Amino acid sequence: MGATLFPRGLMLTPDAAIDWDAPSLAALTESDFDALLALDPKPEFVLLGSGPTLARPSPSLATALEAKGVGVEVMDSRAAARAWGLLRGEGRHIAAALLPFA
């Protein structure tokens, strides 16, 4: 079975995997999540994969997304991908934004 690689980043919605030209973690802004914030209904929360290791985005990013009614859970991208599979398997309406490993 072939695999699709997303070397620039990946966004996951309940219905799609979207190639994402992700900025660096430090450069992320609310507008980078427009595709996820436009979902109807909005996701319960966004799993933010920070790349190869756990690193936190600016506190203002989480504050801005939470003000839009969407929580943020940050973890390294591999852990976020695993959590995505488990939570979607439970039928949870979530989204993910996974930064690449490079």
Side-chain angles (χ1 to χ4, degrees):
M1 173 166 56
T4 301
L5 298 177
F6 297 90
R8 299 174 308 169
L10 173 65
M11 285 190 160
L12 297 169
T13 74
D15 300 315
I18 305 163
D19 192 17
W20 181 36
D21 190 9
S24 69
L25 184 66
L28 281 174
T29 66
E30 176 186 345
S31 65
D32 293 310
F33 295 84
D34 284 348
L36 301 181
L37 293 172
L39 294 173
D40 186 24
K42 285 187 182 173
E44 296 174 47
F45 58 89
V46 172
L47 292 167
L48 175 56
S50 60
T53 60
L54 173 60
R56 301 262 178 219
S58 79
S60 62
L61 176 64
T63 300
L65 294 176
E66 289 168 359
K68 299 276 187 174
V70 177
V72 179
E73 295 292 330
V74 182
M75 55 195 75
D76 70 73
S77 290
R78 283 190 177 119
R82 285 191 301 273
W84 164 263
L86 291 171
L87 293 167
R88 286 297 298 145
E90 294 174 357
R92 305 282 300 268
H93 186 77
I94 60 169
L98 308 175
L99 276 77
F101 289 166

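Quick caveat: nothing in here was measured; it's all calculated off a predicted structure.
Between Val46 and Leu65 the shortest side-chain heavy-atom distance does not fall below 4.5 Å. Using a 4.5 Å heavy-atom threshold, the side chains of Arg92 and Phe45 count as touching. With a 4.5 Å cut-off on side-chain heavy atoms, Leu54 and Val74 count as touching. Side-chain contact check for Leu98 versus Leu12: some heavy-atom pair is nearer than 4.5 Å. Looking at Phe101 and Thr53, their side chains never come closer than 4.5 Å, going by heavy atoms from C-beta outward. Put simply, the side chain of Pro14 does not reach to within 4.5 Å of the side chain of Ile94, judged on heavy atoms. Residues Val70 and Leu36 are not in side-chain contact: their nearest non-hydrogen atoms beyond the backbone lie 4.5 Å or more apart. The side-chain heavy atoms of Asp76 and Pro52, taken from C-beta on, include no pair separated by under 4.5 Å.
Atom CH2 of residue Trp20 and atom CG of residue Asp32 lie 6.0 Å apart, to the nearest 0.5 angstrom. With rounding to the nearest 0.5 angstrom, the CE atom of Met11 is 9.5 Å from the CG atom of Leu39. Within the model, atoms OG1 of Thr63 and CD of Glu30 stand 10.5 Å from one another, a figure rounded to the nearest 0.5 Å.
Between the side chain of Ser77 and the backbone N or O of Leu99, at least one donor-acceptor pair lies under 3.5 Å. Looking only at distances, no side-chain donor or acceptor of Glu66 sits under 3.5 Å from a matching main-chain atom of Gly71.
Considering all non-hydrogen atoms of both residues, Ala95 and Trp84 come closest at CA-CZ3, 3.7 Å. Closest heavy-atom contact between Met75 and Ala83: SD-CB, 4.1 Å. Taking every heavy atom of both residues into account, Ser50 and Ala55 meet most closely at OG-N, 3.1 Å. Minimum heavy-atom separation, Asp19 to Gly9: OD1-O, 3.5 Å. Between Pro57 and Leu48, the shortest heavy-atom distance links the atoms CG-CD2, 3.8 Å.
Under the 4.5 Å side-chain heavy-atom criterion for grouping Ile, Leu, Val, Met, Phe, Trp and Tyr, Val72 is connected to Leu61 within one hydrophobic cluster. Residues Leu37 and Leu47 do not share a hydrophobic cluster, clusters being chains of Ile/Leu/Val/Met/Phe/Trp/Tyr side chains in contact below 4.5 Å.
No more than 12 heavy atoms of other residues, nucleotides or ligands lie within 6.0 Å of CZ in Arg78, so this atom counts as exposed by the packing criterion.
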Passes side chain to side chain contact (heavy atoms under 4.5 Å, CB included), Lys42 versus Lys68? Steps please. CA-CA 9 Å; Lys42 285 187 182 173; Lys68 299 276 187 174; 4.3 Å; yes
